[in-house]
Amino acid sequence: MEKHNLIFLTLLFFLPCSLSFVPIDNYLINCGSHNNASLFNRVFMSDSTNAGLNFFSSDDSIALMNKNPSPNLLTLYQSARVFVTTGRYRFNMKKNGTHLIRFHFFPFKDQGFDLKSAKFSVFVNGISILSEFKPPGEAMIKEFILKIESNLLEILFRPFDSGFGFVNAVEVFTAPEDFVIDYGTRLVGPSGMEEYKNISSQVLETILRINVGGVKITPFNDTLWRTWIPDEDYLVFKEAAKHAVSTHTPDYEKGGATPEIAPENVYMTAQQMNRENTSLASRFNITWKFPVASEGVPHLIRLHFCDIVSTSLNLLYFDVYINGYIAYKDLDLSSLTFHTLASPVYVDFVANSDNSGVIEISVGPSELSSSIRINAILNGAELMKIVNDVDNTKIVHRRKHLWVLIGSVIGGIVVLFLVLTVVLLATKCRKKRPKETTVGSVGWTPLRMFGGSSLSRTSEHGSYGYLGMKIPFADIQSATNNFDRNLIIGSGGFGMVYKGVLGDNVKVAVKRGMPGSRQGLPEFHSEITILSKIRHRHLVSLVGFCEENSEMILVYEYVERGPLKKHLYGSSRQPPLTWKQRLEVCIGAARGLHYLHTGFAQGIIHRDIKSTNILVDEDYVAKVADFGLSRSGPCINETHVSTGVKGSFGYLDPEYYRRQQLTDKSDVYSFGVVLFEVLCGRPAVDPQLTREQVNLAEWAIEWLQKGMLDHIVDPHIIDEIKPRSLKKFGETAEKCLAEYGVDRPTMGDVLWNLEYALQLQESEQQRVIRDDSGGSEADYETTRTIHENSSSRRIERDYDNDCSDVSTSQVFSQLMNNNGR
Ligand SMILES: *[C@@H]1O[C@H](CO)[C@@H](O)[C@H](O)[C@H]1NC(C)=O
Ligand SMILES: *[C@@H]1O[C@H](CO)[C@@H](O)[C@H](O)[C@H]1NC(C)=O
Ligand SMILES: *[C@@H]1O[C@H](CO)[C@@H](O)[C@H](O)[C@H]1NC(C)=O
Ligand SMILES: *[C@@H]1O[C@H](CO)[C@@H](O)[C@H](O)[C@H]1NC(C)=O
Ligand SMILES: *[C@@H]1O[C@H](CO)[C@@H](O)[C@H](O)[C@H]1NC(C)=O
Ligand SMILES: *[C@@H]1O[C@H](CO)[C@@H](O)[C@H](O)[C@H]1NC(C)=O
């Protein structure tokens with residue numbers, strides 16, 4: 001708050017009509033000169049005449065002047081300070097945190113020094129950042145991004161090998177807030193996707209800044225006085241790429257990139273797939289090879305995106321590869337930018353350079369993109385070396401202090417521990433009671449999570465709303481063992497899911513947003529508002545959330561036996577489920593989905609139904625997960641929600657895919673695929689099979705229509721499954737997979753039919769059953785008669801346990817009024 005106010009005030013007083021960034025620490029030094037120098041609207045102060053400003057401690061350094069500067073040479077480069085012995089600049093720092101440090105080197109000759117022959121190392125507060133550096137013949141800027149947590153910054157130049165050091169100009173300034181964020185950086189390499197921790201504690205050296213598809217951006221045009229260069233020289237196959245240029249200024253949104261992360265110009269240009277050249281294949285990658293630091297060195301790769309090529313949301317889906325490894329699959333900028341077109345975002349990756357010192361970046365169309373909308377873009381790229389050089393002499397020098405240091409660290413830890421214990425005890429005592437009242441306000445959930453026992457519907461403090469579900473970040477850290485990688489149970493575009501245990505031994509699944517996928521705070525809140533209202537036996541419920549430290553974390557109940565998929569097939573396969581168990585899981589999931597579709601004024605469409613999103617608990621009760629990012633269903637007078645394809649390959653409703661229109665029937669389609677997965681015990685898509693078999697939906701329908709569905713039933717259940725149950729189940733799945741949404745049953749219908757299939761399995765001696773080979777209307781009638789007593793009571797019981805906005809009778813009557821399809 002304070003910082004922001006400070007920035008705001010500074011802006012108000014000094015720059016009334018400009019919104020440019022004003023760093024809190026801002027030292028610009030014109031080295032070796034008696035004059036201040038102005039460059040790109042910034043004044044670099046003389047280090048000789050401003051010594052009183054407390055940034056320079058004089059050593060045996062020498063000020064040099066370039067006596068014969070070329071006419072266009074910047075004044076900044078007409079002087080230099082030379083260090084024949086170790087010399088230093090010292091700066092008083094006002095702000096802890098990430099800073100940018102730049103050194104300008106422009107070699108010339110004066111007083112017998114040829115600056116080209118300089119050889120030196122540079123240290124920042126004892127950390128070696130430039131080691132045995134020899135400047136090239138021309139002007140060069142070295143930029144470092146690092147955390148400074150000290151009131152004093154010392155930059156030390158140490159000559160090397162009887163050489164000397166020099167510098168023409170130094171910049172030290174505070175980075176904008178959240179310039180380097182510690183979470184969600186993706187480590188890309190042969191071991192799959194992992195999170196790279198603690199990037200802000202690393203020293204980063206900028207190697208390349210690329211304005212992809214654009215022109216050079218000079219410090220004058222950049223918000224942080226950076227230089228961005230065009231990408232053409234790095235394209236592996238120039239014909240693959242085509243410039244995209246936007247005339248509209250991008251729409252920076254909270255939670256995405258800021259103008260300081262990269263200026264408008266970066267986001268207003270891009271390279272996209274050149275699909276006009278008919279001699280190219282229909283799907284291909286655009287690939288760049290960037291020369292970076294020597295072999296095998298880790299780099300931070302920041303990729304900038306802004307969808308300036310699409311005419312509307314959710315048309316663009318592409319994959320990002322780094323060094324040939326998948327770095328981001330099915331990147332959907334529309335969802336990363338919380339559904340604003342042409343809104344800038346960036347994603348951070350860490351990858352190693354290869355043996356020849358190259359990092360290769362590719363973008364290519366995703367499997368999800370339909371053939372008319374194949375495209376992939378990149379707007380900008382930054383490559384920064386992660387510097388972890390340790391200078392040996394420095395270690396020797398440090399060793400003297402090591403024991404003192406260890407002593408004080410241990411002492412500090414003991415003291416810290418004592419203080420923490422006291423603080424924790426104090427807060428626990430203080431917080432316990434208020435928390436319970438807040439908790440009571442939102443009703444049932446938080447009671448469960450903080451150890452309450454009963455499910456309370458009272459909401460006398462209703463105005464607290466979902467805020468009572470807030471969980472302190474520290475609690476989440478301790479629940480997940482500080483986001484221990486070994487506790488990761490899932491990952492996706494949004495980030496990682498960790499298993500955790502909150503106080504009171506409540507097991508939870510912690511979903512932590514990636515920086516790029518951070519949604520706007522308002523949207524995050526509205527989502528929590530909706531999620532907090534959803535309580536259903538067959539839906540995974542939200543336990544709480546956290547938005548501290550610009551984190552966006554959702555905490556869900558932990559479902560013991562994990563995804564249904566694991567119980568059907570695959571390498572980590574659990575003991576196979578019986579046919580009855582499978583039917584019960586399908587029925588449970590159908591009930592959860594039916595509730596999502598009908599239980600709310602607007603209805604909620606899941607959008608990503610698949611066997612990994614249906615979880616089973618210890619009693620094999622199904623719980624539908626991951627409807628968090630779902631969108632609300634149709635508004636009163638619309639029949640669909642126009643939105644983009646979110647969903648998984650193999651489960652995607654062909655109609656939704658074609659028309660980009662979302663209805664609850666899209667969920668029905670995906671559910672039909674799940675039904676066949678359950679029946680056949682194989683994945684929705686299995687690329688290793690023959691062409692006809694790859695896609696489960698097509699393959700199963702083909703067998704079903706041949707009347708030979710029993711040929712493809714999972715061998716584990718073939719002996720137990722009753723033919724009539726199989727027939728009913730197969731027909732239900734087939735109807736779900738109808739080409740057009742209008743021809744598909746509602747989830748309510750699916751539910752009835754599955755219950756029927758279970759009934760057929762359990763008791764063949766049903767008296768009411770006619771030969772059910774007839775029309776579907778008759779089926780539903782029959783089903784209804786049979787189930788009037790048993791299953792409607794079951795439904796009633798389910799809804800009884802929920803505290804939803806919808807009363808039991810309302811939902812029930814909706815079910816009953818559901819006249820076929
Ligand atoms: C250089 O700038 C500083 C700070 O603005 C100022 O105090 C100083 O007088 C200037 N020196 C010269 C030589 O102009
Ligand atoms: C920065 O951190 C250091 C060490 O933690 C501390 O001594 C110093 O007071 C901090 N400075 C500011 C401005 O917060
Ligand atoms: C991050 O790095 C800093 C400095 O190296 C270290 O003190 C800190 O413990 C690290 N944090 C984590 C979570 O690894
Ligand atoms: C940078 O700013 C100058 C001056 O306003 C302008 O002429 C130039 O076109 C700008 N360059 C870019 C890349 O926008
Ligand atoms: C199309 O690509 C081929 C290489 O595959 C290249 O030789 C040709 O010049 C390209 N044509 C155009 C119009 O870009
Ligand atoms: C794009 O490159 C990646 C990595 O090299 C590769 O796996 C993928 O098949 C390529 N995609 C296309 C369409 O060529």
Side-chain angles (χ1 to χ4, degrees), residues 2-3 6 14 23-39 41-56 63 75-76 78-79 91-99 125-126 146-154 169 172 174 177 188-190 192-193 200-201 235-237 239-241 271-275 280-289 317-331 349 351 354 358-369 371 373-378 405 408-409 412-413 415-416 649 687:
E2 222 169 75
K3 297 163 273 180
L6 204 68
F14 299 101
I24 292 176
D25 291 310
N26 193 17
Y27 291 100
L28 307 172
I29 312 299
N30 183 14
C31 306
S33 171
H34 287 276
N35 300 313
N36 292 347
S38 180
L39 178 68
N41 290 346
R42 298 199 294 168
V43 177
F44 283 70
M45 285 190 291
S46 148
D47 66 352
S48 314
T49 58
N50 294 310
L53 292 175
N54 201 3
F55 60 79
F56 183 54
T75 35
L76 207 53
Q78 293 178 9
S79 67
F91 304 92
N92 287 327
M93 303 303 280
K94 294 199 219 65
K95 174 106 169 71
N96 277 345
T98 304
H99 285 70
N125 282 356
L146 74 167
K147 212 183 236 176
I148 297 168
E149 311 242 83
S150 143
N151 294 337
L152 186 71
L153 170 68
E154 182 186 71
V172 175
T174 314
E177 204 65 17
V188 181
M193 200 187 78
S200 77
S201 300
L235 271 172
V236 172
F237 183 57
E239 281 77 24
Q271 294 280 19
Q272 60 178 323
M273 287 174 68
N274 178 13
R275 302 220 300 126
L280 300 175
S282 69
R283 285 172 187 261
F284 54 87
N285 289 327
I286 311 172
T287 301
W288 295 263
K289 281 191 171 176
Y317 294 85
F318 60 97
D319 295 332
V320 180
Y321 303 90
I322 297 178
N323 296 336
Y325 298 112
I326 187 79
Y328 207 127
K329 200 164 163 31
D330 306 327
L331 180 54
F349 303 92
D354 72 2
V358 164
I359 283 181
E360 184 189 282
I361 297 174
S362 308
V363 293
S366 145
E367 286 169 334
L368 289 181
S369 49
S371 53
R373 296 194 172 112
I374 288 176
N375 208 349
I377 64 164
L378 182 65
L405 189 73
S408 53
V409 166
I413 289 173
V415 171
L416 191 71
F649 200 51

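Both ligands and their constituent atoms are indexed starting at 1 by order of listing. Residues take their numbers from the sequence shown, with the count starting at 1. Note that the structure is predicted; figures quoted are calculated from it, not measured.
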* Asked: Is there a protein heavy atom less than 4.0 Å away from atom 11 (N) of ligand 6?
  ->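 Protein heavy atom within 4.0 Å of atom 11 (N) of ligand 6: present.
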
* To do: Would you confirm whether Asp25, through its side chain, and Lys94, through its main-chain N or O, come within 3.5 Å as a donor-acceptor pair?
  =>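 A pair under 3.5 Å: yes.
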
* Asked: Out of curiosity, Met45 CE to Ile29 CD1, how far, rounded to the nearest 0.5 Å?
  ->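 Result: 5.0 Å between the selected atoms.
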
Heavy-atom nearest neighbour in the protein, as seen from [atom], with distance rounded to 0.1 Å:
atom                    : value
atom 2 (O) of ligand 6  : Asn285 ND2, 2.1 Å
atom 5 (O) of ligand 6  : Gly324 CA, 3.8 Å
atom 8 (C) of ligand 2  : Asn151 OD1, 3.4 Å
atom 4 (C) of ligand 2  : Glu149 O, 3.6 Å
atom 7 (O) of ligand 6  : Tyr321 CE2, 3.9 Å
atom 13 (C) of ligand 2 : Lys94 O, 3.3 Å

* **Asn96-ligand 2 polar pair, N/O distance under 3.5 Å** =>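 N/O-N/O distance below 3.5 Å exists for this pair.
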
Does any non-hydrogen side-chain atom of [Y] lie less than 4.5 Å from one of [X]?
X      : Y      : result
Asn151 : Asn92  : no
Asn35  : Thr75  : no
Ile322 : Ile359 : yes

* To do: Indicate the ring-plane relationship of Phe91 and Tyr27, choosing parallel, tilted or perpendicular according to the 30° and 60° boundaries.
  =>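 Ring orientation, 0 to 90° scale: tilted.
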
* Please could you name the atoms of ligand 6 that Arg283 approaches to less than 4.0 Å, counting only its heavy atoms? =>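 That gives atoms 13 (C) of ligand 6.
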
* Asked: Do you know which two heavy atoms are closest between Ser33 and Ser46, and how far apart they sit?
  ->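 So the minimum-distance heavy-atom pair works out to O-OG, 2.6 Å.
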
* Asked: Which of the atoms in ligand 1, numbered in the order shown and given with their element, are less than 4.0 Å from a heavy-atom of Met45?
  ->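 Counting from 1, the qualifying ligand atoms are 2 (O), 3 (C), 4 (C).
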
* Asked: Hey, looking at atom 1 (C) of ligand 1, which of Leu28, Asn30, Asn36, Asn35 has the closest heavy atom?
  ->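 Of the listed residues, Asn36 has the closest heavy atom.
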
* Asked: More than 12 foreign heavy atoms under 6.0 Å from NZ of Lys289: is that the case here?
  ->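 No, NZ of Lys289 has 12 or fewer neighbouring heavy atoms, counting only those of other groups under 6.0 Å.
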
